[in-house]
Amino acid sequence: MSKSSNTLLALVLGGAIGAAAGILYAPEKGTKTRKDLSKKAKKEQEKLVKQLKETRESLTDNAQQAKLSFEEKLNNTISTASHKADDVISTLETKLAELRLQNAKLQKEATVEKAKVKTEKALS
């Protein structure tokens with residue numbers, strides 16, 4: 001810890017000890033002092049409960065917003081991937097059609113070549 005942190009901690013701690021000593025040695029009766037302390041403690045507890053409730057609500061809202069944002073990004077990613085997959089499939093189908101045409105052409109050329117060979121054998 002730094003010197004300024006230690007000094008601040010000492011001041012806060014000293015103030016708390018001083019306040020406690022002042023309350024305990026106050027000229028009022030102990031029952032009244034205890035009632036006052038109890039009332040103050042309840043008020044502080046109510047403040048803390050209220051702050052906790054607000055914090056919980058805030059965190060819940062933030063989590064909900066993060067969830068919605070994530071779902072939106074996920075849907076966009078899935079949509080983009082789907083479009084890209086469609087593009088790939090379309091390209092593959094086009095290539096397959098080209099290969100079929102090329103294969104048909106090669107088979108036709110092979111059949112013509114075989115016919116030529118048979119004709120030449122028959123003529124010879």
Side-chain angles (χ1 to χ4, degrees):
M1 286 183 135
S2 67
K3 287 184 180 183
S4 61
S5 308
N6 288 334
T7 303
L8 181 61
L9 180 62
L11 287 173
V12 171
L13 188 58
I17 291 171
I23 290 172
L24 293 176
Y25 289 106
E28 296 178 356
K29 288 184 172 182
T31 55
K32 181 159 177 29
T33 302
R34 284 190 295 275
K35 283 182 184 178
D36 287 345
L37 287 174
S38 177
K39 285 179 185 177
K40 288 180 183 178
K42 284 182 183 178
K43 284 182 183 178
E44 291 303 316
Q45 181 183 14
E46 289 170 0
K47 285 182 187 177
L48 181 61
V49 167
K50 182 180 176 184
Q51 287 176 342
L52 287 173
K53 183 180 177 185
E54 290 171 357
T55 301
R56 184 180 331 124
E57 289 172 355
S58 175
L59 289 173
T60 301
D61 290 344
N62 289 343
Q64 185 67 24
Q65 289 175 354
K67 178 184 173 189
L68 292 174
S69 176
F70 172 76
E71 287 174 349
E72 183 180 337
K73 289 177 183 177
L74 179 62
N75 287 336
N76 288 340
T77 301
I78 290 171
S79 177
T80 300
S82 176
H83 289 300
K84 288 183 180 181
D86 288 343
D87 290 345
V88 168
I89 290 170
S90 177
T91 301
L92 289 173
E93 287 173 343
T94 302
K95 291 292 183 183
L96 181 61
E98 289 173 4
L99 288 172
R100 284 183 177 154
L101 287 173
Q102 187 178 13
N103 187 35
K105 182 180 175 183
L106 289 173
Q107 285 182 353
K108 184 178 179 183
E109 289 175 359
T111 304
V112 169
E113 193 62 35
K114 283 181 185 177
K116 281 184 184 179
V117 169
K118 282 185 180 179
T119 305
E120 288 176 1
K121 281 186 180 178
L123 294 175
S124 339

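Only a predicted model underlies this, so the values are computations on that prediction, with no experimental measurement involved.
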Distance, nearest 0.5 Å, that separates NZ of Lys73 from CG of Leu68: 12.0 Å

Intermediate values then yes/no, side chain to side chain contact (heavy atoms under 4.5 Å, CB included), Lys121 and Val117: CA-CA 6 Å; Lys121 281 186 180 178; Val117 169; 4.1 Å; yes

Members besides Leu52 in its Ile/Leu/Val/Met/Phe/Trp/Tyr cluster (side-chain heavy atoms under 4.5 Å): Leu48

Check: Glu54 main-chain N/O paired with Ser58 side-chain donor or acceptor under 3.5 Å: no

Side-chain donor/acceptor of Ser79 to backbone N/O of Asn75, under 3.5 Å: no

His83 side, atom NE2; Asp87 side, atom CG - distance, nearest 0.5 Å: 9.0 Å

Residue pair Val88 / Lys84, side-chain heavy-atom distance below 4.5 Å: no

Matching residue for Glu98 among Thr94, Leu96, Leu101 - test: side-chain contact (heavy atoms from CB on, under 4.5 Å): Thr94

Rounded distance [0.5 Å steps], CG in Asp61 versus CD in Gln65: 6.5 Å

Lys47/Glu44 ion pair, N-O < 4.0 Å: yes

Sidechain-backbone polar pair: Ser82 side chain, Ile78 backbone, donor-acceptor under 3.5 Å: no

Verdict with supporting geometry, Lys50 and Glu46, side chain to side chain contact (heavy atoms under 4.5 Å, CB included): CA-CA 6 Å; Lys50 182 180 176 184; Glu46 289 170 0; over 6 Å; no

From Glu72 atom CD to Thr77 atom OG1, the distance as rounded to the nearest 0.5 Å: 10.5 Å

Atom pair NZ/CD of Lys114 and Glu109 - distance to nearest 0.5 Å: 13.5 Å

